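Reading through the structure tokens given below for one structure.
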Number of protein chains: 2
Amino acid sequence: MGNNKKKEPLCDNIAGEGCGLKKVINIVGGKWKIMILCVIDNNEVVRYGELRRAIHGITNTMLANSLKELETDGLVERKQYDEMPVRVEYNLTKKAKSLIPILLELKKWGEDNI
Amino acid sequence: MGNNKKKEPLCDNIAGEGCGLKKVINIVGGKWKIMILCVIDNNEVVRYGELRRAIHGITNTMLANSLKELETDGLVERKQYDEMPVRVEYNLTKKAKSLIPILLELKKWGEDNI
DNA sequence: CTGAATCCTTTTGGATACTG
DNA sequence: CAGTATCCAAAAGGATTCAG
């Protein structure tokens, strides 16, 4: 017999709805999320203000919204310390950490091919 | 000495401009591109009309625009046969084929984690 | 058959001011 | 300090019609 292995398709359903690949692209897509993940990953844990200063051009609106979505999607963890003034720290979840290596492969591909 | 390997950052520059990772997400992002790549990948070579019928809900506007961008970005190749009526076929480039395995990893991660 | 052109709607992103 | 609220601008997506 020859090589008759079935090829795995990028999407499993005709409409693309619920496609695992599209889901991933959605949760890390958008204008700022990769940068946010990057800064948190580089520092292990960062405060809100650090993120805003580190990411050139981001506004409160976008930073707060993006962080909330990343938290909802289980990529980022938020810890609030009720001091005065309040302090909030963000770190990557295990889930997010397991995604980083794949994103790095993608990055490498982009550097080599775009 | 302990473990002092440097971690590779998701983005190499502070602004995120020209980040290889963001570039990749941009060229395969958007509402339809993954589906388009998927259908072409599954069939090796497909005609315009096949694509439109295969991708539920896509319009001429979006299909034509997306194909043009994919072609510009070097992921898709377009071959026109000047018959009557005209026939056009699309296939993946080598570049695109080298990207597929990484996208499949991403897909797997999405299925396991979202 | 394979699109292009036009116009419109929806979504995303941003500026500014304000709050616990 | 860490956000919200409101309003506005820009970009992405879509319906429809037309053309080579």
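Since the structure is predicted, the reported quantities are computational estimates derived from the model, not experimental observations.
What separates CE of B/M84 from C1' of D/dA19 is a distance of 13 Å, to the nearest Å. Rounded to whole Å, the distance from CG on A/L67 to P on D/dG3 is 7 Å. One atom, CD1 of A/I55, and another, P of D/dA2, lie 14 Å apart when rounded to the nearest Å. At whole-Å resolution of the value, CD in A/E71 and P in D/dA2 are 15 Å apart. The nearest whole Å value for the distance from the CD atom in A/E50 to the P atom in D/dC1 is 11 Å.
Defined by atom type and a distance below 3.5 Å, a donor-acceptor pair is present between the side-chain atoms of B/Y48 and B/N60.
Each of A/T59, A/L51, A/L67, A/I55 was scored for a side-chain contact (heavy atoms from CB on, under 4.5 Å) with A/W32, with one residue passing: A/I55.
For D/dG3, neither phosphate oxygen OP1 nor OP2 lies less than 4.0 angstrom from any side-chain nitrogen or oxygen of A/R52.
Toward the 5' end of DNA chain C, the nearer of the two residues A/V86 and A/I58, judged by each one's closest nucleotide, is A/I58.
Here chain B contacts DNA chain C (any atom closer than 4.0 Å to a heavy atom, that is under 4.0 Å), and the contacts span C/dC1 to C/dA5 from 5' to 3'.
Shortest non-hydrogen contact noted between B/L106 and A/V24 is O-CG2, 3.4 Å. Contact detail for B/M35 and A/C11: the closest heavy-atom pair is SD-SG, 3.5 Å.
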Treating primed atoms plus P, OP1 and OP2 as sugar-phosphate and everything else as base, which nucleotides of nucleotides 12-18 of chain D get B, S or - for protein heavy atoms under 4.0 Å? -SSBB--
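Residues A/N43 and A/E50 are not in side-chain contact: their nearest non-hydrogen atoms beyond the backbone lie 4.5 Å or more apart. At a threshold of 4.5 Å between non-hydrogen side-chain atoms, the residues A/L92 and A/I100 count as touching.
Taking the charged nitrogens against the carboxylate oxygens, B/D73 and B/K95 have no contact shorter than 4.0 Å, which rules out a salt bridge. Residues B/K107 and A/E8 are paired through a salt bridge, judged by an N-O separation under 4.0 Å between the basic side chain and the carboxylate.
Heavy atoms of B/Y81 sit nowhere under 4.0 angstrom from any nucleic acid atom.
To the nearest 0.5 Å, the span separating CD on B/E69 from OG1 on B/T72 amounts to 7.5 Å.
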